[in-house]
Amino acid sequence: MLVLITYDVNTETPAGRKRLRQIAKQCVNYGQRVQNSVFECLLDPSQCKTLQHKLVSIMDESTDSLRFYYLGDRYQSKIEHFGAKKSYEPEGVLMI
């Protein structure tokens with residue numbers, strides 16, 4: 001299923017900036033950054049719960065915000081992209 005993850009981390013302190021880097025690093029391991037604090041992740045239910053647990057353990061619930069949007073398996077018709085930065089195909093070929 002495709003999951004859209006968004007986060008807002010308070011970066012007024014060094015600890016906040018560290019949390020921001022840690023959350024971004026975890027998200028990069030599971031998906032594609034589509035905007036500064038927005039990731040599209042193609043996950044199975046187990047991976048989703050694992051990632052969710054990791055991110056919640058990093059964040060500070062009193063100052064940070066984390067959102068998961070579950071777009072499901074038929075996500076292609078639910079996404080429209082306009083403007084800069086060409087979109088990518090989550091299930092397409094990945095060349096390294």
Side-chain angles (χ1 to χ4, degrees):
M1 78 179 138
L2 186 69
V3 180
L4 186 73
I5 301 172
T6 67
Y7 55 89
D8 187 19
V9 176
N10 184 323
T11 57
E12 294 176 354
T13 66
R17 291 187 287 278
K18 181 178 179 182
R19 288 193 312 275
L20 178 68
R21 288 189 304 273
Q22 290 175 332
I23 287 176
K25 187 175 182 180
Q26 287 300 320
C27 289
V28 165
N29 290 337
Y30 287 87
Q32 176 71 35
R33 183 188 300 261
V34 292
Q35 291 186 356
N36 287 338
S37 296
V38 181
F39 282 81
E40 290 179 358
C41 303
L42 205 52
L43 306 169
D44 64 38
S46 174
Q47 290 172 317
C48 187
K49 286 297 177 191
T50 299
L51 179 56
Q52 199 173 60
H53 176 73
K54 287 178 182 181
L55 298 180
V56 169
S57 70
I58 294 168
M59 71 179 284
D60 179 346
E61 292 186 19
S62 66
T63 61
D64 303 338
S65 173
L66 178 64
R67 290 176 174 253
F68 282 68
Y69 296 90
Y70 303 99
L71 299 177
D73 292 327
R74 297 183 183 170
Y75 58 87
Q76 292 88 348
S77 63
K78 298 176 184 175
I79 300 172
E80 289 184 301
H81 177 261
F82 303 95
K85 296 184 181 179
K86 183 179 174 185
S87 189
Y88 78 105
E89 184 62 40
E91 295 184 65
V93 175
L94 176 64
M95 299 184 104
I96 299 176

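This one's a predicted model, so the numbers in the text were calculated from it and none came from an experiment.
For T63, the side chain to side chain contact (heavy atoms under 4.5 Å, CB included) test picks out N10, R19, D60, with sequence neighbours left out. Listed by chain and number, the residues in a side chain to side chain contact (heavy atoms under 4.5 Å, CB included) with E61 are V56, M59 (sequence neighbours excluded).
Taking OG1 from T6 and CG from N36, the interatomic distance works out to 12.5 Å, rounded to the nearest 0.5 Å. Between atom CG of residue L4 and atom SG of residue C41 there is a gap of 8.5 Å, rounded to the nearest 0.5 Å. For the atom pair CG of L66 and CD1 of I58, the computed distance is 9.5 Å after rounding to the nearest 0.5 Å.
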If you look only at distance, which donor and acceptor atoms sit under 3.5 Å apart when one is on a side chain in residues 21-30 and the other is two or more places apart or in another chain?
residue, atom, partner, partner atom, Å
R21, NH1, R17, O, 3.4
N29, ND2, K25, O, 3.4
Y30, OH, K54, NZ, 3.1

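Residues L42 and M1 do not share a hydrophobic cluster, defined by chaining ILVMFWY side chains whose heavy atoms lie under 4.5 Å apart.
Of all the heavy atoms in L43 and C48, the pair that sits closest is CD1-CA, 3.8 Å.
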Verdict with supporting geometry, I5 and L51, side-chain contact (heavy atoms from CB on, under 4.5 Å): CA-CA 10 Å; I5 301 172; L51 179 56; 3.4 Å; yes

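Sorted by first and then second residue, the side-chain hydrogen bond (donor to acceptor under 3.5 Å, both in side chains) pairs with a member in residues 44-53 read K49-Q52, Q52-Y70; sequence neighbours excluded.
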